Amino acid sequence: MTDGPSDSPARYDFVAAELRWQRAWSDASLFSAPDVPDGSKPKYYVLEMFPYPSGKIHMGHVRNYTLGDVVARYKRARGHQVMHPMGWDAFGLPAENAARERGTHPAAWTYANIANMRAELKSMGLSLDWSREFATCDPEYYGQQQALFLDFLGAGLVERRKSWVNWDPVDGTVLANEQVIDGKGWRSGAPVEKRELSQWFLAITKYAPQLLEALNTLDRWPERVRTMQANWIGRSEGARVRFALAEPVDGTAEVEVFTTRPDTLYGMSFLAVAAEHPLAAAAGARDPKAAEFIAECRSQGTSEAAIEQAEKKGFDTGFRVKHPFIPGATFPVWIANFVLMEYGTGALFGCPAHDQRDIDFARKYGLPVMPVVLPPGEDPATFDVGKTAYTGDGTLFHSEFLDGLGTEAGKRAAIDALEAKGVGQGVVNWRLRDWGVSRQRYWGCPIPVIHCDDCGIVPVPKDQLPVRLPEDVDFARPGNPLDHHPTWKHVDCPSCGKPGRRETDTFDTFVDSSWYFARFTAPRAETPLVAAAANGWLPVDQYIGGIEHAILHLLYSRFFTRALAGMGHLDTPEPFAGLFTQGMVQHASYKAPDGRWLAPDEVEATPDGGAVERATGIALTVSRNDKMSKSKRNTIDPGGIISRYGADTARWFILADNPPDRDMEWSEAGVSGAHRFVQRLWRLAATLESRGGAQGSEGEARPLMQAVHRTIAAVTAALDSFAFNVAVARLHELANAIESSPAPLEARREAVGLMARLVAPMMPHLAEEIWSILHPGEGTLVAGMPWPEADPALLMAESMTIAVQVLGKLRATLSVPVGIAEAELMALAEAEENVQRAIAGKPIRKRIHVPGRVVNFVV
RNA sequence: GCGGGUGUGGCGGAACGGUAGACGCGGCGGACUCAAAAUCCGCUUCUGGCAACAGAGUGCCGGUUCGAAACCGGCCACCCGCACCA
C-alpha cells in the first residue's frame with residue numbers, strides 16, 4: 001500500500017486552516033452570549049483571570065486560556081448557553097515604569113500592548129465573545145467603578161485612617177513591597193523608611209464572618225484554597241486583657257493586649273508592644289536608645305514575611321504593668337520587632353513556657369520561664385521546658401484558682417474572672433485586616449472625592465463622573481504625577497463652592513479586578529451593573545487562574561460581590577461557584593559562571609544533561625523548574641511557537657504534558673511531539689480512502705466501535721474532572737486503535753469523525769479540518785455540534801482480566817468471561833502453575849475475591 | 001518565621017485501598033531511502049537469568065491492612081502566598 005494518491009498533500013497546512021476556521025466561527029457568531037440567558041438552555045459562565053497587558057502573551061496565558069477554552073467548547077457541546085468573555089486588567093505599575101524609562105505615555109503603552117495581545121489571543125482560536133471586551137483603564141469602566149465607590153461610601157464601607165508605607169526618601173515616592181530590594185529602593189538604592197500616611201480603606205472586616213462561613217458553600221473550590229482563605233481570615237477566640245501600668249505614662253493608665261491563651265496568664269513574664277504602639281512612642285520620647293530601636297524596626301520593611309523572618313529583637317522600656325490576678329506582681333514592658341501593630345491590639349503578654357516566639361525572646365533576653373500547663377503524663381515536680389515551648393493542651397498548675405483545669409475550661413474560667421474584675425472580656429479576633437486601597441500613583445482609577453477645608457471630605461457627585469485622569473502628566477519629576485499636576489487637583493468643592501482639592505490617590509488595581517466578572521454581563525451599561533444581566537449570568541460557573549491568586553484577588557472579589565449584593569446591585573453573594581487553580585509554566589534557566597543569564601536559544605545541550613553556551617562553549621549552570629521570568633531570560637514566546645507549529649499544537653502540548661493544577665515544564669521536544677500527533681490525525685482523515693481495509697468484514701467493525709465508545713466515555717469523564725492530560729492519552733490510544741484496525745472503510749470513517757468531535761475542545765481547528773474532509777461540502781461546524789454520546793451496548797466487555805495474588809503478591813493473570821461464577825474463577829486461579837508454586841503446599845487460610853479485579857489467596 | 005501544596009522509570013505523567021509505570025517525550029535497534037527528513041515496526045523501571053521466572057521498587061523512617069503510590073504518625077527536599085507585583 002502506498003501513502004495515498006500522489007496528488008494529495010502529505011502535510012496539514014495549519015497556517016491556512018487555522019485562519020479559515022477562525023473566520024468561519026466568527027462569521028457564524030457561535031460564541032456570542034445573549035445579554036441575559038434566554039432560558040432555552042442552562043447557562044454556563046466560563047471565565048479565566050483576565051491578563052495584565054504587559055506587551056506579549058506568555059505561556060501562563062496560553063495555558064490559562066487553553067484550559068478555559070476547553071471548558072467553554074465542551075460545555076457548549078454539552079448543551080449549555082455559554083458566556084466566555086475577555087478583557088484587560090490594564091492599570092498598574094509597569095505602565096508607569098515604561099513611561100519613566102521610555103517616555104511613552106502609560107495609556108499609549110497600554111493600548112498598544114492590548115492591540116498586540118488581542119491579536120495573539122485571536123491566533124489561539126479561543127471561543128471568546130469579543131463583543132464584551134473592555135479594559136479597566138477605559139473611562140467607561142473606571143467611571144462606573146467610581147460610582148460603585150460612592151455606593152460603598154454611602155453604605156458605610158469606606159474608612160480613612162493612617163497606615164504605614166515603604167518610603168523612598170531619594171525618589172520621594174511610596175514603594176511597593178516588590179520595589180524594596182534588601183531594604184533599599186530598587187531605583188535609588190537608598191535605605192527605605194516606613195512612613196505613615198492617611199489612606200482609604202474598604203471595610204472588608206465587616207464581612208469577615210460571612211466570608212468565612214460561606215467557604216463551606218464553595219464545594220467546587222479546591223480544598224486548599226478554602227483552607228488558605230480560612231486561615232487568612234483567621235478567626236480566633238480569646239480575650240482582651242487590660243493591664244494597668246504601674247505608673248501612668250503620658251496620662252495613659254493601661255495597655256490592652258489580645259491573647260488566645262488567657263489560661264496561661266500565670267505564666268506571664270513580660271508584655272511586648274509593636275514599635276508603632278503609643279507606649280513605644282512614649283518610651284522613644286523619654287529615651288534616645290528606645291527611639292533608636294524604634295527607628296531600627298522602622299527600617300525593617302512593612303511585609304509580614306520581612307517582619308517575621310527578621311531576628312527577634314526587643315527593647316526594655318522600663319515601664320511596668322501589674323498582673324490582673326496576682327496582687328503586687330509587675331512585669332516589664334518591652335518593644336519587640338515581631339509584634340504586629342495590625343493584629344489584635346498591637347500588644348501581647350509573653351508566656352514563654354507555652355509560646356515558641358515568646359520562649360525564643362525570653363531565652364535571648366534572660367526573662368523568666370514559668371510553666372503553667374502540664375502536658376498529660378508529666379510530673380508537676382519535674383516538668384520544665386528547655387528551648388521548645390509546650391503549646392499543646394494539658395492541665396493548669398502554678399495558677400492558683402485555675403489549678404487543675406484543662407486548657408479549654410481554663411480559658412473560660414480566666415475570661416470569667418477577667419470580666420468579673422472588669423479588666424478584660426472574651427472576644428473573637430480576626431486576622432483579616434481592612435483593605436487599604438489608596439495608591440499614590442498616576443496609572444490607576446482616581447478615587448472620586450474632593451477635600452474641602454470647610455466641608456471635609458466631599459464625594460464627587462455621580463453626574464460628574466467619571467473623574468478622568470489628566471493626559472498631560474510629567475513623569476520626569478519624582479512622586480505622584482497627579483499630585484504635582486498644575487491644574488488637575490484644583491477644583492471647587494461640590495458642596496460649598498469654595499476652592500477644594502481633588503483626592504490624588506488612585507485605587508489599588510485589585511479593586512479593578514474585584515468586579516470585572518460582573519461588568520462582563522453588561523459591559524456597555526450606563527450603570528455599573530444591570531441586575532437582570534448580572535443575576536442571569538452570575539455566579540461564574542467555572543473560574544480559572546493561577547494559584548498565586550488563591551487569597552487576595554479571590555477574597556477581595558468575594559467581599560465586593562457580597563457588598564454589591566448588600567447594596568442591591570445583584571443577588572448572588574458569591575462570585576465564583578467553581579474554581580480551578582492552574583500550575584505555573586516553567587522552563588530550565590541557564591547561568592554562565594560570570595553571572596549572565598542565557599536565553600534557551602543561546603544554549604546547546606550536552607550529552608550528560610548539562611548545557612554550554614553555543615557561542616563560546618562555556619559550561620553553564622542549569623536549573624530546572626524555574627518560573628519563567630524576564631530576569632532569568634528563560635521565557636518562551638508563545639507567538640513564535642504558534643507561528644511555527646500552529647495554535648492546535650501549542651494547545652495540545654499544554655494539555656497533554658501534565659495535570660493542569662501542577663506546574664509544568666515547557667519543552668521544545670514536547671511541542672514537536674504534539675505537532676507530530678496533529679499531522680498524524682490529519683493524515684488519518686486525509687488518507688482514509690486509500691489505506692485499504694474497505695474489504696474488512698462487519699465483524700471487524702465492532703471492536704473498533706467498542707474502542708471509540710469507550711473513548712467517548714473516558715474522554716467525557718476526563719473533561720468533567722479537568723483531567724485533560726488523561727483525555728489526551730485516551731485519544732492517543734484511539735488513534736492507535738483506528739490506525740491498526742482492519743474494520744471496513746465506513747466504520748473507520750465514523751470512528752475518525754467521532755474522534756474529531758472528541759478532539760474539538762482541545763484542537764478546534766484540526767477538528768473542523770478533519771470534519772470537512774470527511775463531510776465535504778456540508779458546511780457543518782464541529783464547534784456548533786453536540787457532544788457525542790457513548791452507546792452503553794458498546795461499552796460492555798465480553799471478557800475481563802483478573803489478577804491472581806498469593807499473600808498480596810501478583811502471581812498470575814487470568815482472562816475470563818465477564819459472567820463467570822466465583823467458584824469457577826477460584827478454581828481456575830488456584831490451578832495456575834505459578835500460583836501453586838507460590839502456595840507451596842501450604843493450606844489456604846482465606847480466599848479474597850474483589851469482583852472484576854483480583855483474587856488473593858492467604859496462606 | 002507563619003499558612004498552603006507537591007514528591008512515582010532518563011523526562012512529563014497514569015493508576016475506585018486491588019496487575020505500579022497507561023499515554024507521550026527521549027533513547028536504542030530495524031524497515032523505507034543513494035542519503036537525509038518524514039513515516040512505519042520492535043524494545044525500553046532496576047538487578048539476576050538464554051528464557052520461564054525470581055527479587056527490589058512510588059522522597060526517607062515507622063504503622064494500619066489479606067493487599068498501601070494512595071490511609072495514619074514522624075521527618076526531608078522543593079514550590080506558592082504573606083496584605084503596595086499582577
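Chain letters run A, B, ... following the sequence lines, proteins first, then strands; residues in each count from 1. Since the model is a prediction, treat every value here as computed from it, not as a measurement.
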Query raised in the report: Can a donor-acceptor pair under 3.5 Å be found between the side-chain atoms of Arg441(A) and the base atoms of rC84(B)?
Result: yes
Requested in this report: For Leu432(A), answer base if it contacts any base atom (sugar-phosphate contacts may also be present), sugar-phosphate if it contacts only those atoms, and nothing otherwise; contact means non-hydrogen atoms under 4.0 Å.
Outcome: base
Query raised in the report: For Gly583(A), which contact category applies under a 4.0 Å heavy-atom criterion: base, sugar-phosphate, or nothing?
Result: nothing
Query raised in the report: Which nucleotides of nucleotides 67-73 of chain B have their base under 4.0 Å from a protein heavy atom (B), which only their sugar-phosphate (S), and which neither (-), written as one string 5' to 3'?
Result: S------
**Report entry** Nearest-angstrom distance, P atom, rG10(B) to rG57(B)
**Finding:** 16 Å
Report task. Write down the partner of rC75(B) under the Watson-Crick or G-U wobble criteria, each distance required to be under 3.5 Å. Result -> rG59(B)
Report task. Indicate, with a heavy-atom threshold strictly under 4.0 Å, whether His553(A) touches base, sugar-phosphate, or nothing. Result -> nothing
Requested in this report: Would you indicate what Arg662(A) reaches in the nucleic acid, counting non-hydrogen atoms under 4.0 angstrom: base, sugar-phosphate, or nothing?
Outcome: sugar-phosphate
Query raised in the report: Run the salt bridge (Lys or Arg N to Asp or Glu O under 4.0 Å) check on Arg63(A) and Glu48(A) step by step: do they pass?
Result: CA-CA 10 Å; Arg63(A) 194 178 198 196; Glu48(A) 301 95 60; over 6 Å; no
**Report entry** salt bridge (Lys or Arg N to Asp or Glu O under 4.0 Å) evaluation trace for Glu304(A) with Arg431(A)
**Finding:** CA-CA 12 Å; Glu304(A) 192 178 321; Arg431(A) 208 185 76 94; 3.4 Å; yes
Requested in this report: Respond yes when some side-chain nitrogen or oxygen of Arg431(A) is under 4.0 Å from OP1 or OP2 of rC2(B), and no when none is.
Outcome: no
Requested in this report: Describe the nucleic acid contact of Ala550(A) in one word from base, sugar-phosphate, nothing, applying a heavy-atom distance below 4.0 Å.
Outcome: nothing
Requested in this report: Describe the nucleic acid contact of Gln440(A) in one word from base, sugar-phosphate, nothing, applying a heavy-atom distance below 4.0 Å.
Outcome: base
Query raised in the report: Using purine N1 to pyrimidine N3 plus N6-O4 or O6-N4 for Watson-Crick, or N1-O2 and O6-N3 for G-U wobble, each under 3.5 Å, what pairs with rG1(B)?
Result: rC82(B)
Query raised in the report: Hey, does Phe677(A) reach any base, or is it just sugar-phosphate, or nothing, if we go heavy atoms under 4.0 Å?
Result: nothing
Requested in this report: Verify the distance criterion only: is there a donor paired with an acceptor across the side chains of Gln199(A) and Gln440(A) at less than 3.5 Å?
Outcome: yes
Query raised in the report: Base, sugar-phosphate, or nothing for Trp232(A), non-hydrogen atoms under 4.0 angstrom?
Result: base
Requested in this report: Using a 4.0 Å heavy-atom cut-off across all strands, classify Leu93(A) as base, sugar-phosphate, or nothing.
Outcome: sugar-phosphate
**Report entry** Gln582(A) and Asn64(A): side chain donor to acceptor below 3.5 Å
**Finding:** yes
Query raised in the report: Under 4.0 angstrom, heavy atoms only, what part of the nucleic acid is Pro51(A) near: base, sugar-phosphate, or nothing?
Result: nothing
Query raised in the report: When all nucleic acid strands are considered with a 4.0 Å heavy-atom cut-off, which category describes Glu311(A): base, sugar-phosphate, or nothing?
Result: nothing
Query - For rC28(B), the Watson-Crick or wobble partner whose two distances fall under 3.5 Å - result: rG42(B)
**Report entry** Nucleotide opposite rA54(B) in a Watson-Crick or G-U pair, distances under 3.5 Å
**Finding:** rU47(B)
Query raised in the report: Counting any heavy atom closer than 4.0 Å, what does Val854(A) reach on the DNA or RNA strands: base, sugar-phosphate only, or nothing?
Result: base
**Report entry** Candidates rC23(B), rC79(B), rG13(B) - which lies nearest the side chain of His732(A)
**Finding:** rC23(B)
Query raised in the report: Looking across every strand, which nucleic acid part, if any, lies under 4.0 Å from Glu733(A) by heavy atom: base, sugar-phosphate, or nothing?
Result: sugar-phosphate
Query raised in the report: How is Thr813(A) classified with respect to the nucleic acid when contacts are heavy atoms under 4.0 Å: base, sugar-phosphate, or nothing?
Result: base
